[in-house]
Novice: 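Below is a structure I'd like to ask you about.
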Amino acid sequence: MPYNFTATEKKWQQYWLENKSFRAFDPADAGGMPKAYVLDMFPYPSGAGLHVGHPEGYTATDIVSRYLRMKGYNVLHPMGWDAFGLPAEQYAVKTNTHPAETTRKNIDTFRRQIQMLGLSYDWDREVDTTDPTYYKWTQWIFLQLFNSYFDPMQEKALPIEHLLNELQNENYVVAPDGSVHINPVQEGMDPITGDLRVERIWTELTPEERREFIDGQRLAYQAEVAVNWCPGLGTVLSNEEVIDGKSEVGGFPVERRPMRQWMLRITAYADRLIADLEPLQWPESLKEMQRNWIGRSVGAEVDFEVVPPDEDVKRVEANRGDAGDTREADEDLTISVFTTRPDTLYGATYMVLAPEHPLVDRITPTSHRETIESYRKVIAGKSDRDRVAETKEKSGVFTGAYAINPVNDEKLPIYVADYVLMGYGTGAIMAVPAHDERDFAFAKKFNLPIRQVVRGTGIQPVFSDQENKDHGQNARATVEQAFTGEGIAINSDVINDLPTAEAKDKIISILEREGTGKRTVKYKLRDWLFSRQRYWGEPFPIVLDEAGNAYDIPQSELPLTLPQIEDFKPTGAPEPPLSKAKDWLKYESTVAQQSPPLSGGLTRETNTMPQWAGSCWYYLRYIDPHNAERFVDPEKEKYWMPVDLYVGGVEHAVLHLLYARFWHKVLFDLGHVSSPEPFARLINQGLILGEMEYHTIEDEPRKVADDEIEKCGESYALKSDPSVKVKAESFKMSKSRGNVVNPDDIVRDYGADTFRLYEMYMGPLEAQKPWNTRDIIGMTRFLNGVWRNLVGDEEANKVAKIDPIAIPEPLDRQMHRAIRKVEDDVAALRFNVAIAELIKLNNEMTKLATIPRELAENFTLMLAPFAPHIAEELWERLGHTKSLARRPWPTYDPAKLVETTMELPVQVNGKLRDKISVPADADEETILTTAASTAGAKQWMEGKTIRKRLYVPKKLVNFVVG
RNA sequence: GCGGCUGUGGCGGAACUGGCAGACGCGCAAGGUUCAGGUCCUUGUGAUCGCAAGAUCGUGCAGGUUCAAUUCCUGUCAGCCGCACCA
């Protein structure tokens with residue numbers, strides 16, 4: 001009987017479920033087993049069902065999990081569902097089904113599909129982010145964030161009570177800009193504004209002022225921010241969810257508008273998020289992506305004083321409608337700029353403010369006001385996309401105002417231009433056209449002076465010294481590009497002749513001494529916009545008073561469940577769907593005594609959390625999924641964390657992985673988890689592309705089959721007409737292209753084991769590779785061959801004979817080598833090579849009339865992590881009554897890995913000319929003599945002088961002749 | 001533009017710290033088993049020349065280091081991914 005995968009796979013999947021074969025033991029029951037936490041990125045259960053990309057990562061972790069169980073590890077290998085999110089809600093809107101129902105159906109489909117692959121999850125630990133018993137703790141974690149602040153002295157999150165205490169004791173004040181002021185009485189600092197001119201201390205503040213200050217310190221805080229509002233989706237989106245001015249989901253246009261939103265203070269962790277990447281076993285490219293996203297740059301903030309306007313020109317306040325808003329001419333205004341190159345300060349020839357910069361109105365004299373206003377209007381009308389699209393052509397206008405360069409008192413014209421962004425640095429720059437490409441382009445366009453202040457080392461200077469001398473400040477560009485590299489400072493007075501790094505240091509200390517600047521670090525990373533105007537998400541455990549101040553609800557009221565509503569449609573306006581649940585909205589506390597008291601006129605927060613919330617901590621819930629008292633038991637957490645292996649797609653490089661690390665660090669700071677980083681080792685599986693497609697390169701390209709073409713030089717051409725070139729391409733699988741492969745079909749036609757083997761054999765896990773159905777047959781043949789060898793096949797007229805005989809040489813050695821090789825390869829996740837080794841061993845078995853029992857059993861055990869169903873069946877037929885899931889992995893004998901005789905290549909001048917076979921312990925001279933006497937060596941050395949005789953132990957012999 | 005990764009037969013891909021390039025699979029070819037078929041078996045399969053033994057060339061391209069380079073160095077080209085006016 002040939003191998004019947006359908007029946008066998010069903011049989012063992014049932015067996016595993018019934019016997020809970022893959023249960024992970026709690027630390028108390030583990031009996032000292034070493035632990036291994038092997039994690040997959042849990043899927044969003046979409047309506048489309050499983051994609052062939054899912055099983056790739058899942059099979060990889062499954063192989064590792066199964067292997068480690070056989071190696072005696074207590075393996076935690078769980079699966080769950082990241083089930084909140086837009087698609088379920090959009091589907092609900094369209095079909096008027098409750099998203100919970102859609103979600104439940106989708107989860108059932110996903111579970112069925114995942115179980116049919118024979119993945120060894122501990123199903124008792126399944127989690128679902130939309131289950132109130134789960135999101136109760138998502139809400140609880142949010143409250144941890146709400147009730148903590150980032151202490152800049154200790155550089156960690158602390159409970160907000162700690163800050164209150166310190167403030168009561170007047171120990172220090174944390175200003176809204178994050179700067180710390182020890183003893184605010186002495187410094188006379190206003191804790192609200194951080195302004196040192198106002199002499200007020202904490203105890204003198206009104207209760208409202210105190211609350212405002214405290215609320216401004218929380219890790220979860222409300223802010224009126226310019227958000228990415230997406231009318232198409234009826235929600236705001238995070239920066240991460242907006243691509244080229246369009247929503248990542250759906251591709252709807254996104255516009256900026258100010259709204260009250262919840263923010264999470266991830267920026268406080270920017271430094272730690274960068275520093276702690278270092279020891280992680282993550283792909284370097286991914287670490288780099290996170291670093292880029294955080295975008296840390298070190299430089300200086302420099303203050304430029306604005307030149308007071310001429311007496312007859314008055315500067316006008318922004319709101320001209322307000323009375324008495326005309327500024328006096330003698331008022332001091334300074335523009336603070338951020339630069340990473342303070343060493344080029346002497347090269348500044350003009351300044352630029354972002355169009356949205358608040359100072360623009362105050363510095364612009366009435367004479368220039370109209371021009372500025374119309375320019376701003378044009379910019380405001382442009383989408384981000386348009387602004388990006390026009391990067392090459394700079395635009396801007398002169399404000400009519402000037403500022404003074406603090407290092408040389410030069411008067412610099414101030415421009416407004418959209419190439420300076422309000423969102424980064426201070427929204428203002430000093431322009432150094434000689435050493436910045438954007439400034440250079442702008443200076444060229446507006447014919448502004450360009451002055452070189454850095455000379456490249458070993459590189460030709462962009463501007464000759466003579467050129468600078470001749471033209472001085474009035475130098476005009478005579479060359480085609482800016483020099484942005486490091487070099488030696490010139491034309492820079494006190495820092496002349498210093499290399500860039502030293503020049504930076506020196507100029508910063510001078511600025512700091514004179515009080516005109518300071519060393520600063522800036523980040524691209526923004527605080528995380530955490531609220532969404534959706535129905536299908538976690539409700540905030542927050543109530544608001546009439547003034548919009550937020551209070552947390554007591555923990556005993558968690559979970560705060562979603563109200564049942566009929567209409568999930570986004571309102572189109574910023575009011576979230578939850579605002580329609582009138583009864584739910586009104587808040588009456590269940591707790592009698594509270595501090596602060598919660599009563600009267602309170603309404604629930606109607607925003608919901610973004611999809612990322614649930615996935616920020618799910619790996620912790622798997623550890624203790626049914627705990628009703630805590631989000632995770634501390635003992636269990638300590639035992640299992642950190643995750644030893646995390647596998648998933650690279651699409652989560654900056655979103656999920658950054659957010660989860662941030663939450664984890666907060667929980668770590670507050671003492672809720674034991675490790676500063678959640679994921680010790682991380683692998684990105686490569687994308688599986690659709691099958692290779694071929695089309696002709698003609699005026700009207702047409703698709704051709706792969707057997708109609710042939711290689712022709714560097715490219716392909718039609719067999720029938722070699723003059724017609726053919727292009728080969730593979731594309732991402734997509735419905736519209738019609739190249740999606742459904743795992744259900746593959747499992748039905750070939751079986752789960754073959755499917756698993758095929759996906760693992762396609763190539764390196766991390767590589768992007770095209771699907772090729774034709775190749776699957778190789779794995780089917782392999783498994784059928786194994787079956788014939790160990791069981792037999794009546795159709796092939798073969799009955800397997802398995803006897804307890806000794807394994808003949810050299811097969812015995814090969815088996816021992818295979819055991820080691822597969823071990824090494826699995827540890828390094830080189831599954832394609834491990835499978836090749838098993839195929840080779842099986843090919844050798846095919847040649848035997850009788851299979852030695854030891855070989856049969858070891859082979860079956862080695863096959864098990866890769867093709868678990870057939871392996872279990874073979875194991876049973878070999879006479880075992882229990883699953884091999886925890887059967888010890890075969891051991892190899894190191895003595896058998898060493899060859900007794902070795903075959904060495906003999907080279908003459910580096911070219912292979914012969915081979916010799918010598919005992920492994922032969923001495924060098926014997927080997928060289930033997931090698932020299934071979935026919936191949938003689939032929940090539942005849943009549944020539946031997947210059948050198950080389951013997952690389954156990955590798956080869958090489959004679960250098962001439 | 002900046003950053004990262006990758007270039008090996010007709011295809012997917014092997015090759016540990018430099019040491020026999022092309023493991024293993026697909027495809028292809030020849031032969032066998034079979035009434036027949038192939039999800040069967042065996043053998044062969046980088047290119048060129050040669051009946052053959054064999055020789056020469058060959059890891060994107062051009063150099064370099066070395067007895068020896070897919071591997072190390074310099075330059076260059078192509079592809080993929082990420083970021084993108086980030087001061």
Side-chain angles (χ1 to χ4, degrees), chain A residues 2-3 244 283-289 291-293 295-297 299 337-341 344 352 387-388 390-392 394 417-421 423-432 435-439 441-442 522-524 650 653-654 684 686-687 692 706-707 709-711 714 716 728 749-750 754 757-758 761-764 766-772 774-785 788 793 795-798 824 830 832-833 835-840 843 846 903-912 915 947-950 952 954-961:
Chain A
Y3 174 54
D244 285 342
E284 193 47 47
S285 61
L286 195 145
K287 289 185 184 180
E288 197 56 32
M289 279 167 75
R291 285 189 209 108
N292 286 343
W293 191 264
R296 183 180 198 269
S297 44
V337 305
F338 174 70
T339 176
T340 53
R341 291 296 297 272
T344 62
V352 185
R387 276 173 79 157
V388 169
E390 294 164 9
T391 51
K392 275 167 211 142
K394 294 281 179 285
D418 71 339
Y419 83 93
V420 172
L421 310 172
Y424 185 75
T426 61
I429 61 153
M430 62 171 201
V432 185
H435 305 290
D436 181 281
E437 282 168 19
R438 296 150 300 175
D439 297 345
F442 191 84
K522 296 282 179 195
Y523 304 92
K524 279 198 273 182
V650 73
V654 281
N684 288 126
L687 197 65
M692 197 76 85
D706 65 342
D707 55 5
I709 58 164
E710 62 186 351
K711 190 107 178 191
E714 290 294 292
Y716 302 91
D749 294 347
Y750 300 92
T754 299
L757 282 170
Y758 168 66
Y761 196 68
M762 286 172 83
E766 297 183 70
Q768 187 172 116
K769 52 230 159 204
W771 179 269
N772 189 355
R774 194 176 68 184
D775 285 346
I776 299 176
I777 193 65
M779 295 301 118
T780 298
R781 285 180 192 153
F782 167 52
L783 289 185
N784 284 341
R788 265 195 308 280
D793 182 352
E795 257 178 49
N797 200 17
K798 174 158 179 174
D824 291 350
R830 288 189 305 249
N832 54 335
V833 195
I835 293 167
E837 195 65 26
L838 292 173
I839 293 173
K840 236 166 24 175
N843 288 348
T846 305
E903 193 171 64
L904 292 174
V906 177
Q907 298 184 342
V908 179
N909 284 347
K911 282 201 161 65
L912 180 69
K915 285 184 184 183
R947 294 240 177 99
K948 208 170 186 179
R949 304 193 305 164
L950 274 149
V952 185
K954 296 181 203 255
K955 293 283 187 198
L956 54 54
V957 178
N958 189 15
F959 297 106
V960 185
V961 299

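Here is how names work: the chains are called A, B, and so on, in the same order as the sequence lines, proteins then strands, and each is numbered from 1.
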Novice: Report the secondary structure of RNA chain B in dot-bracket form, marking unpaired bases with a dot and bases paired to a different strand with |, and treating Watson-Crick or G-U pairs with both distances under 3.5 Å as paired.
Specialist: (((((((..(((......[....)))((((((.......))))))((((....))))..(((((..]....))))))))))))....
Novice: How far, in whole Å, is B:U8 from B:C80 if one measures between their P atoms?
Specialist: 14 Å
Novice: How would you label the contact of A:Thr339 with the nucleic acid (heavy atoms, under 4.0 Å): base, sugar-phosphate, or nothing?
Specialist: sugar-phosphate
Novice: Is it possible for you to check whether A:Lys394 lies under 6.0 Å from the centre of the six-membered ring of A:Phe442, through NZ or CZ, and within 45° of that ring's axis?
Specialist: no
Novice: The side chain of A:Ala836 is closest to which nucleotide in this list: B:A87, B:A23, B:G25?
Specialist: B:A23
Novice: With no angle test and no hydrogens, is the base of B:C67 tied to the side chain of A:Asn958 by a donor-acceptor pair under 3.5 Å?
Specialist: yes
Novice: Identify whether the glycosidic angle of B:G9 places it syn (within 90° of 0) or anti.
Specialist: syn
Novice: Quick one: is B:G27 close enough that its OP1 or OP2 comes under 4.0 Å of any side-chain N or O from A:Asn772?
Specialist: no
Novice: Using atom P in both nucleotides, what's the gap between B:U56 and B:G3 to the nearest angstrom?
Specialist: 44 Å
Novice: Run the numbers on A:Met430 and A:Thr344 for side-chain contact (heavy atoms from CB on, under 4.5 Å), then give the verdict.
Specialist: CA-CA 10 Å; A:Met430 62 171 201; A:Thr344 62; 3.7 Å; yes
Novice: Report the nucleotide, chosen from B:U39, B:C67, B:C85, that has the shortest atom-to-atom distance to any side-chain atom of A:Val960.
Specialist: B:C67
Novice: B:C26, B:G19, B:A15: which one has an atom nearest the side-chain heavy atoms of A:Val952?
Specialist: B:G19
Novice: Using a heavy-atom cut-off of 4.0 Å across all strands, would you classify A:Leu950 as base, sugar-phosphate, or nothing?
Specialist: base
Novice: Can you measure A:Glu437 atom CD to B:G1 atom C1' for me and round it to whole angstrom units?
Specialist: 7 Å
Novice: Check this one for me: any side-chain N or O of A:Tyr424 less than 4.0 Å away from OP1 or OP2 of B:A87?
Specialist: yes
Novice: Spell out, as yes or no, whether a donor-acceptor pair under 3.5 Å connects the side chain of A:Lys287 to the backbone of A:Ser285.
Specialist: no
Novice: Of the listed nucleotides (B:C24, B:A15, B:A87), which one gets closest to any side-chain atom of A:Asn843?
Specialist: B:C24
Novice: If I take atom CG in residue A:Leu687 and atom P in nucleotide B:G82, what distance separates them, rounded to the nearest angstrom?
Specialist: 10 Å
Novice: Mind checking the C1' distance from B:U6 to B:G54? Whole angstroms is fine.
Specialist: 37 Å
Novice: Taking the P atom in each of B:C11 and B:G7, what is the distance between them to the nearest angstrom?
Specialist: 15 Å
Novice: In this structure, how many angstroms lie between the P atom of B:G12 and the CZ atom of A:Phe782, rounded?
Specialist: 23 Å
Novice: Using atom P in both nucleotides, what's the gap between B:U39 and B:G44 to the nearest angstrom?
Specialist: 23 Å
Novice: Across the strands shown, which category fits A:Gln907 at heavy-atom distances under 4.0 angstrom: base, sugar-phosphate, nothing?
Specialist: base
Novice: Once you round it to whole Å, what is the distance between P of B:C26 and CG of A:Leu757?
Specialist: 13 Å
Novice: Suppose you measure atom C1' in B:G79 against the same atom in B:G31; what distance do you get, rounded to whole Å?
Specialist: 42 Å
Novice: So which nucleotide from B:A23, B:U39, B:C41 ends up closest to the side chain of A:Ile777?
Specialist: B:U39
Novice: Considering every strand and a 4.0 Å limit on heavy-atom distances, what is the contact class for A:Asp439: base, sugar-phosphate, or nothing?
Specialist: nothing
Novice: Within this structure, what is the CG-to-P distance between A:Asn909 and B:C20, rounded to whole angstrom?
Specialist: 17 Å
Novice: Closer than 3.5 angstrom, by distance alone: can the side chain of A:Asp439 be matched with the main-chain N or O of A:Val432 as a donor-acceptor pair?
Specialist: yes
Novice: Just to be sure I understand the rule, does A:Lys840 reach a base, reach only the sugar-phosphate, or reach nothing, if contact means heavy atoms closer than 4.0 Å?
Specialist: sugar-phosphate
Novice: What is the separation between atom CG on A:Asp824 and atom C1' on B:A14, rounded to the nearest whole Å?
Specialist: 16 Å
Novice: Please test A:Leu956 against A:Gln907 for side-chain contact (heavy atoms from CB on, under 4.5 Å), starting from the C-alpha separation and ending with a verdict.
Specialist: CA-CA 8 Å; A:Leu956 54 54; A:Gln907 298 184 342; 3.5 Å; yes
Novice: Does A:Tyr424 reach the main-chain N or O of A:Tyr523 with its side chain, forming a donor-acceptor pair under 3.5 Å?
Specialist: no
Novice: Closer to the 5' end of RNA chain B via nearest nucleotide, is it A:Asn784 or A:Phe338?
Specialist: A:Asn784
Novice: Identify which nucleotide among B:A15, B:C80, B:U39 has an atom closest to any side-chain atom of A:Gln768, counting heavy atoms from C-beta outward.
Specialist: B:C80
Novice: Rounded to whole Å, please give me the gap between CD1 in A:Ile776 and P in B:G12.
Specialist: 17 Å
Novice: Taking only side-chain nitrogens and oxygens of A:Lys948, does any of them come within less than 4.0 Å of OP1 or OP2 of B:C67?
Specialist: yes
Novice: Who are the salt bridge (Lys or Arg N to Asp or Glu O under 4.0 Å) partners of A:Arg296, not counting sequence neighbours?
Specialist: A:Asp271
Novice: Quick one: is B:A87 close enough that its OP1 or OP2 comes under 4.0 Å of any side-chain N or O from A:Ser297?
Specialist: yes
Novice: Does the A:Asn292 side chain pair with the main chain of A:Gly295, one donor and one acceptor, at a distance under 3.5 Å?
Specialist: no
Novice: Output yes when at least one side-chain N/O atom of A:Arg781 is less than 4.0 Å from OP1 or OP2 of B:C40, else no.
Specialist: yes
Novice: Please report the distance separating the C1' of B:G13 from the corresponding atom of B:G22, rounded so that it comes out in whole Å.
Specialist: 10 Å
Novice: Nearest to the side chain of A:Asn832, which nucleotide is it out of B:U39, B:G13, B:G25?
Specialist: B:G13
Novice: Could you state the atom-to-atom distance from CZ of A:Arg774 to P of B:C28 in whole Å?
Specialist: 7 Å
Novice: Which sits closer to the 5' end of RNA chain B, A:Leu286 or A:Pro764, going by the nucleotide each is nearest to?
Specialist: A:Leu286
Novice: Within the 3.5 Å criterion, strictly below it, is a donor on A:Asp775 or A:Tyr761 matched to an acceptor on the partner's side chain?
Specialist: no
Novice: Quick test of your reading of the model: are A:Glu284 and A:Arg291 salt-bridged, counting only N-O distances below 4.0 Å?
Specialist: yes
Novice: Determine the interatomic distance between P on B:A29 and the same-named atom on B:U34; round to the nearest Å.
Specialist: 23 Å
